[in-house]
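Written out below as structure tokens is the structure these notes cover.
Note that the coordinates shown come from a computational prediction; the quantities given were computed from them, not determined experimentally.
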Amino acid sequence: PTKRHYNTGTPKKEREILKNLRIYCQSVSECSILCLRRADLAEKRSVAMRERIYWNRGWQFTSNYSDELRNREFSGELQNITLPHTVAETPFHYFDESVYQMVSGYRKVFVPEESWKGKQVLLTIEAAGHQAEVYLNGIKITEHFCGYTAFSVDLAPQLMFDEENVLTIKVDSRESINVPPFGKVIDYMTYGGMYREVYLDILDKTCIEDVFVKTRRISVMTYELSAEIDCLQLKEDEIRVTLLDGAGNHICTLGQSWQR
């Protein structure tokens, strides 16, 4: 964390700064920008070094998973679907919960963009109920055990450029005592499938992952600003934090060299 006291000058100026507070955090490699307004609303801005691609279209689904799904030559029958998706549609009246408890498969064939070379290609699955295994070109790259939390994995190490890649998600929606929320009594249906969105984040190798900024009042005229900056693959770089007022005027710049 980097801290700096700033004297606002006048009570009127204090109110103006607190109302329009904007903190810009960036590394010298211009990894990312995060803007905070009124110190409680965070808004990520799309910039050249961070591109988000929503990957909800172009998926195929089967309710009977098999390892052959991982093969590029797979020619079995699949259903074309769009995410979010459930493994089984259930009636409004009584039904047996076993209708959605299965091991299903999701498959997506794609050709990577040339602009992805040399970057992180971060796949995020916002939810897959309730156990998931992710394979890229037949190689297992991650797994996740919880149907209510998102998870991410970098596709870049296994990507093959200028040709088709096969992404396969094995989803197990059966109850298991070792996977939340199972293990004790629950009074609701849990269903299954990739029921939230999926997206890619195309990132520089070195980038800002998250920024948390908070302020603390020291005296009538003075406030303390604290910034915590999480970076990916930062070895030897410098983080600069620039504070601007509501009109965009420069107030101060803080710098700290980071070494691993």
Query raised in the report: If you look only at pairs with a residue in residues 153-162, which of them pass as a side chain to side chain donor-acceptor pair (under 3.5 Å), with sequence neighbours excluded?
Result: none

Query raised in the report: Between Leu203 and Leu122, is any pair of side-chain heavy atoms under 4.5 Å apart?
Result: yes

Query raised in the report: For Asp172, which residues count as a side chain to side chain contact (heavy atoms under 4.5 Å, CB included) partner, sequence neighbours excluded?
Result: Val103, Gln131, Arg174

**Report entry** Any side-chain donor near an acceptor of the partner, His85 and Thr82, under 3.5 Å
**Finding:** no

Query - Asn249/Ile251 under side chain to side chain contact (heavy atoms under 4.5 Å, CB included): CA gap, chis, key distance, verdict - result: CA-CA 6 Å; Asn249 299 313; Ile251 296 175; 5.9 Å; no

Query raised in the report: Do Val198 and Thr124 have side chains that get closer than 4.5 Å, going by heavy atoms?
Result: no

Query raised in the report: Below 4.5 Å, heavy atoms only, C-beta onward: do Asn165 and Leu159 meet side chain to side chain?
Result: yes

Query - Asp204-Thr206 side chain donor-acceptor pair, cut-off 3.5 Å - result: no

Query raised in the report: In the single-linkage hydrophobic clustering (I, L, V, M, F, W, Y; side-chain heavy atoms under 4.5 Å), do Tyr148 and Phe182 co-cluster?
Result: yes

Query raised in the report: Do Ile125 and Ile53 belong together in a cluster built from hydrophobic side chains that touch within less than 4.5 Å?
Result: yes

Query raised in the report: Do the side chains of Glu97 and Met189 get nearer than 4.5 Å, heavy atoms only?
Result: yes

Report task. Tell me, please, which residues at least two apart from Phe74 pass ring-ring contact (aromatic ring centres under 6.0 Å, His included). Result -> none

Query - Co-membership, hydrophobic cluster, residues Leu69 and Ile81, 4.5 Å side-chain - result: no

Query raised in the report: Quick one: does Thr90's side chain get under 4.5 Å of Val99's, heavy atoms only?
Result: yes

**Report entry** Fellow cluster residues of Phe212, listed by chain then number, with links counted only when side-chain atoms sit under 4.5 Å apart
**Finding:** none

Query raised in the report: Which heavy-atom pair separates Ser173 from Gly192 by the least distance, and what is that distance?
Result: CB-CA, 3.7 Å

Query raised in the report: If two hydrophobic side chains count as joined below 4.5 Å and joins carry through other members, does Val121 share a cluster with Ile169?
Result: yes

Query raised in the report: Side chains of Gln60 and Lys108: does their closest heavy-atom pair fall under 4.5 Å?
Result: no

Query raised in the report: Among pairs that include at least one residue of residues 56-70, which meet salt bridge (Lys or Arg N to Asp or Glu O under 4.0 Å), considering only residues two or more places apart or in two chains?
Result: Asp67-Arg70

Report task. Can you run down the side chain to side chain donor-acceptor pair (under 3.5 Å) pairs that involve residues 181-198, sequence neighbours left out, and say none if there aren't any? Result -> Asn56-Glu197

Query raised in the report: Side chains of Val166 and Asn71: closer than 4.5 Å at any heavy-atom pair?
Result: no

Report task. Apply the test side chain to side chain contact (heavy atoms under 4.5 Å, CB included) to residues Leu167 and Leu123: give CA-CA distance (whole Å), side-chain angles for both, the deciding distance (0.1 Å), then the verdict. Result -> CA-CA 11 Å; Leu167 179 66; Leu123 169 71; 4.0 Å; yes

Report summary line: Applying ring-ring contact (aromatic ring centres under 6.0 Å, His included) to Tyr135 and not counting sequence neighbours gives none

Query raised in the report: Side-chain contact, heavy-atom cut-off 4.5 Å: Val111 with Phe161?
Result: no

Query raised in the report: Under a single-linkage rule joining Ile, Leu, Val, Met, Phe, Trp and Tyr whose side-chain heavy atoms are separated by less than 4.5 Å, which residues share a cluster with Tyr199?
Result: Tyr54

Report task. Tell me, with the steps shown, if Cys231 and Glu209 meet side chain to side chain contact (heavy atoms under 4.5 Å, CB included). Result -> CA-CA 5 Å; Cys231 299; Glu209 184 179 30; over 6 Å; no

Requested in this report: Supply the atom-to-atom distance His250 NE2 to Thr242 OG1, rounded to the nearest 0.5 angstrom.
Outcome: 5.0 Å

**Report entry** Within one Ile-Leu-Val-Met-Phe-Trp-Tyr cluster: Val134 and Tyr65, side-chain cutoff 4.5 Å
**Finding:** no

Report summary line: Taken in chain and number order and not counting sequence neighbours, the residues that satisfy ring-ring contact (aromatic ring centres under 6.0 Å, His included) with Trp55 are Phe110

Report summary line: For His144, the ring-ring contact (aromatic ring centres under 6.0 Å, His included) test, sequence neighbours excluded, returns Phe151

Query raised in the report: If you round to the nearest 0.5 Å, how far is NZ of Lys119 from CD1 of Ile202?
Result: 8.0 Å

Query raised in the report: Which pair of non-hydrogen atoms, one from Glu164 and one from Met160, has the smallest distance, and what is that distance?
Result: O-CE, 4.1 Å

**Report entry** ILVMFWY cluster membership beyond Val179 - transitive side-chain contacts under 4.5 angstrom
**Finding:** Phe145

Report task. State plainly whether the residues Arg72 and Glu163 are in salt-bridge range, i.e. N to O under 4.0 Å. Result -> yes

Requested in this report: Please check if the side chain of Arg107 supplies one atom and the backbone of Phe61 the other of a donor-acceptor pair under 3.5 Å.
Outcome: no

Query raised in the report: Looking only at heavy atoms, what is the nearest atom pair of His130 and Val171, with distance?
Result: N-CG1, 4.3 Å

Query raised in the report: Looking at residues at least two apart in the chain, or sitting in another chain, which of them share a side chain to side chain contact (heavy atoms under 4.5 Å, CB included) with Pro84?
Result: none

Query raised in the report: Between CG of Asn137 and CG of Leu155, what distance do you get to the nearest 0.5 Å?
Result: 9.5 Å

Query - Verdict with supporting geometry, Tyr106 and Thr168, side chain to side chain contact (heavy atoms under 4.5 Å, CB included) - result: CA-CA 6 Å; Tyr106 291 83; Thr168 309; over 6 Å; no

